[in-house]
Amino acid sequence: VVVCVTGASGYIASWIVKFLLQRGYTVRATLRDPGDPKKVEHLLRLEGAKERLQLFKADLVEEGSFDSVVQGCHGVFHTASPVLLHVGELIDPAVKGTLNVLEACAKSPSVKRVVLTSSICAVLFSDRPKTPQVVVDETWFSDPHFSHQLKSWQWYTVSKTLAEEAAWKFAEKNGIDMVVINPVLVAGPLLQPQVNASVEPILNLINGNKFPNSSFGWVNVKDVAEAHIKAYEIASACGRYCLSERVVHYSELARILSSLYPTLQITAECEDDEPYVPTYQISQEKAKSLGIEFTPLEVSLKETVESFREKNIVNF
Ligand code: NDP
């Protein structure tokens, strides 16, 4: 079976590619620059890559860029999206890029299902209050006009919300069978050489920086990749799937890291003196119906730090 993964060199996508190859799929991987060794070496090293991995050049902002690669694919995993940039650079590739990929799928009768990587950012941010008793679930949708406490994430949140909204509209209008994955912050081992945006806060903590006053969910990258593949393989999978092992305040993240690595100088100091932003819960029910078992946060953090060590991102 032939499938396509967009943005294949990314943190989450690399694990999706790895698991797909392990399961015997032929994978068409799209990248902006398939000639860049930093982007492809880790993919070419994967088991099964020699036989069943094909690299294609495609850019979200180039119309028709995905048309030929998607032709003949049975499934499409659309993960490519800019993670944390500046306004203008972000919304267009996210929204137009998603539509660009879905248009290619609509033109290709071979495509039976599309799995879209959205984000919990498209779920969480509206004026609905969040407290430790509140359980957020797949029925929540972020309001793109809502301004939340993490200013630097604002445009990313808007880009993911608008991209998912546009995707649902397009899929419904064009009869595309689409399943959406909404992960929280992703941690766990890195296959790619560079540090991606979601593990950066962990690196900041082990480098001794104060933590932001915010509460966020965390999930393991392998569970996220597994969920994408299950969402594709299980015929009854539908709608959205929130993925979160646990929502914690950054102070708790710092506490877990200190207990895992007692010799490191991890601070217990917050960046501000305000009361801690409360946690909330994220429903695991739907994700568990796919057979996802969530890796505990402690394990995900340990795997992330061990991966930093292996790649010489940290030296201790
Ligand atoms: P990475 O930054 O590792 O990967 C992002 C990928 O998107 C890269 O492969 C990048 O390609 C590609 N991309 C960005 N802009 C373009 C463009 N204009 N054209 C083609 N490709 C482009 O991030 P993650 O693996 O963390 O993220 C993957 C997906 O998961 C994204 O959709 C993100 O929003 C979503 N997500 C991530 C979470 C996380 O915590 N990590 C949480 C929730 C959702 P290139 O290599 O060419 O730069």
Side-chain angles (χ1 to χ4, degrees), residues 4-18 29-43 55-66 69 77-86 88-101 104 114-125 142 150 153 155-164 167 180-202 216-225 227-228 240-245 282 297 300 304 307:
C4 169
V5 179
T6 71
S9 65
Y11 177 43
I12 297 172
S14 298
W15 277 98
I16 297 177
V17 172
K18 180 180 164 81
T30 82
L31 300 99
R32 275 184 290 186
D33 186 3
D36 181 351
K38 286 197 299 296
K39 296 282 179 177
V40 299
E41 267 173 5
H42 68 280
L43 294 177
L55 305 180
F56 292 81
K57 183 177 167 62
D59 196 312
L60 291 172
V61 292
E62 270 171 41
E63 223 170 286
S65 201
F66 294 86
V69 55
F77 297 86
H78 176 42
T79 83
S81 202
V83 183
L84 289 188
L85 287 174
H86 302 287
E89 294 165 73
L90 208 75
I91 310 247
D92 257 23
V95 180
K96 287 191 190 151
T98 297
L99 292 177
N100 205 5
V101 172
V114 178
V115 180
L116 170 73
T117 318
S118 182
S119 164
I120 203 72
C121 289
V123 177
L124 281 179
F125 300 111
S142 291
L150 274 177
W153 286 72
W155 290 107
Y156 173 71
T157 295
V158 173
S159 80
K160 295 302 282 183
T161 306
L162 295 178
E164 197 193 318
V180 172
I181 306 292
N182 301 82
V184 291
L185 281 171
V186 181
L190 281 68
L191 293 174
Q192 86 286 4
Q194 59 280 11
V195 174
N196 62 292
S198 63
V199 296
E200 221 171 68
I202 301 170
F216 232 90
W218 290 86
V219 66
N220 192 288
V221 67
K222 290 175 278 182
D223 299 342
V224 176
H228 278 76
R240 315 165 91 193
Y241 290 88
C242 290
L243 300 180
S244 170
E245 195 272 326
I282 296 175
L297 176 58
S300 301
T304 314
S307 185

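Ligands are counted one by one from 1 in listed order, and the atoms in each one are counted from 1 as well. Just so we're clear, the structure is a prediction, and the values are computed from it rather than from any experiment. Note: hydrogens, waters and symmetry copies are ignored here, and every other heavy atom, side chains too, is used.
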| Short N or O distance, A13 and ligand 1, threshold 3.5 Å exclusive | no

| request: Compute the shortest N/O to N/O distance between S198 and ligand 1 and return yes if it is under 3.5 Å, no if not. | output: yes

| request: May I ask you to identify the nearest protein heavy atom to atom 18 (N) of ligand 1, giving residue, atom name and distance to one decimal place in Å? | output: D59 OD1, 3.3 Å

| query | Does ligand 1 have any atom that is closer than 4.0 Å to a heavy atom of T117? | reply | yes

| said: To check your reading of the model: name the closest protein heavy atom to atom 37 (C) of ligand 1, its residue, and the distance in Å. | reply: I12 CD1, 3.6 Å

| Could you go step by step and tell me if S9 and K38 meet the side-chain contact (heavy atoms from CB on, under 4.5 Å) rule? | CA-CA 9 Å; S9 65; K38 286 197 299 296; over 6 Å; no

| Going by heavy atoms, is S118 under 4.0 Å from ligand 1? | yes

| Nearest-neighbour protein heavy atom for atom 3 (O) of ligand 1, which is reported as residue plus atom name and distance | Y11 N, 2.8 Å

| query | Applying a strict 4.0 Å limit to heavy atoms, is L31 in contact with ligand 1? | reply | no

| Is there any N or O on V186 that sits under 3.5 Å from an N or O of ligand 1? | yes

| message | For the 3.5 Å polar cut-off, considering only N or O atoms, please tell me whether Q192 and ligand 1 meet it. | response | no

| Identity and distance of the protein heavy atom lying nearest atom 22 (C) of ligand 1 | R32 NE, 3.7 Å

| query | Quick one: nearest non-hydrogen protein atom to atom 29 (C) of ligand 1, plus distance? | reply | T79 O, 3.1 Å

| query | atom 5 (C) of ligand 1: which protein heavy atom is closest, and how many Å away? | reply | S81 O, 3.6 Å

| message | Checking the N or O distance criterion of under 3.5 Å, is ligand 1 in contact with G7? | response | yes

| message | Give me the nearest non-hydrogen protein atom to atom 27 (O) of ligand 1 as residue plus atom name, then the distance to 0.1 Å. | response | V83 CG2, 3.8 Å

| task | Return the set of residues passing ring pair (Phe, Tyr, Trp, His ring centres under 6.0 Å) with F66 (not counting sequence neighbours), or none when no residue passes. | result | none

| K160 side, atom NZ; S142 side, atom OG - distance, nearest 0.5 Å | 12.0 Å

| Is it the case that more than 12 heavy atoms not belonging to Q194 sit under 6.0 Å from its CD atom? | yes

| message | So which atom in A58 and which in S65 form the shortest heavy-atom distance, rounded to 0.1 Å? | response | CA-OG, 3.3 Å

| field | Test item, P183 contacting ligand 1 (heavy atom, 4.0 angstrom) | value | yes

| remark: Sorted by chain and number, sequence neighbours left out, side-chain hydrogen bond (donor to acceptor under 3.5 Å, both in side chains) with S81 holds for none

| message | Any heavy atom of V221 closer to ligand 1 than 4.0 angstrom? | response | no

| query | Which one holds for V184 and ligand 1: side chain close, backbone close, both close, or neither close, with close meaning a heavy atom under 4.0 Å? | reply | backbone

| message | Only heavy atoms of S9, strictly under 4.0 Å: list the atoms of ligand 1 that pass. | response | 9 (O), 46 (O)

| said: Please find the pair of heavy atoms, one from V184 and one from S244, that lie closest to each other, and give the distance. | reply: CG1-CB, 3.6 Å

| task | Closest by any non-hydrogen atom to atom 12 (C) of ligand 1: pick that one out of P34, G217, A80, G97. | result | A80

| message | Need the ligand 1 atom indices (1-based, order shown) with element for anything under 4.0 Å from a heavy-atom of K39. | response | 45 (P), 46 (O), 48 (O)

| said: Please give me the minimum heavy-atom distance between N182 and S119, naming the atom from each residue. | reply: ND2-O, 3.1 Å

| task | Supply the atom-to-atom distance H78 NE2 to I181 CD1, rounded to the nearest 0.5 angstrom. | result | 13.5 Å

| task | Give, for atom NZ of K57 and atom CD of E62, the distance between the pair rounded to the nearest 0.5 Å. | result | 7.0 Å

| field | Point-to-point distance, once rounded to the nearest 0.5 Å, from OH of Y11 to CG of L191 | value | 9.0 Å

| note | Between the CD1 atom in I12 and the CD atom in Q192, the distance rounded to the nearest 0.5 Å is 10.0 Å

| Looking at CG of L162 and NZ of K96, how far apart are the two atoms once the value is rounded to the nearest 0.5 Å? | 12.5 Å

| Nearest-contact summary for atom 34 (O) of ligand 1 - protein heavy atom, Å | Y156 OH, 2.6 Å

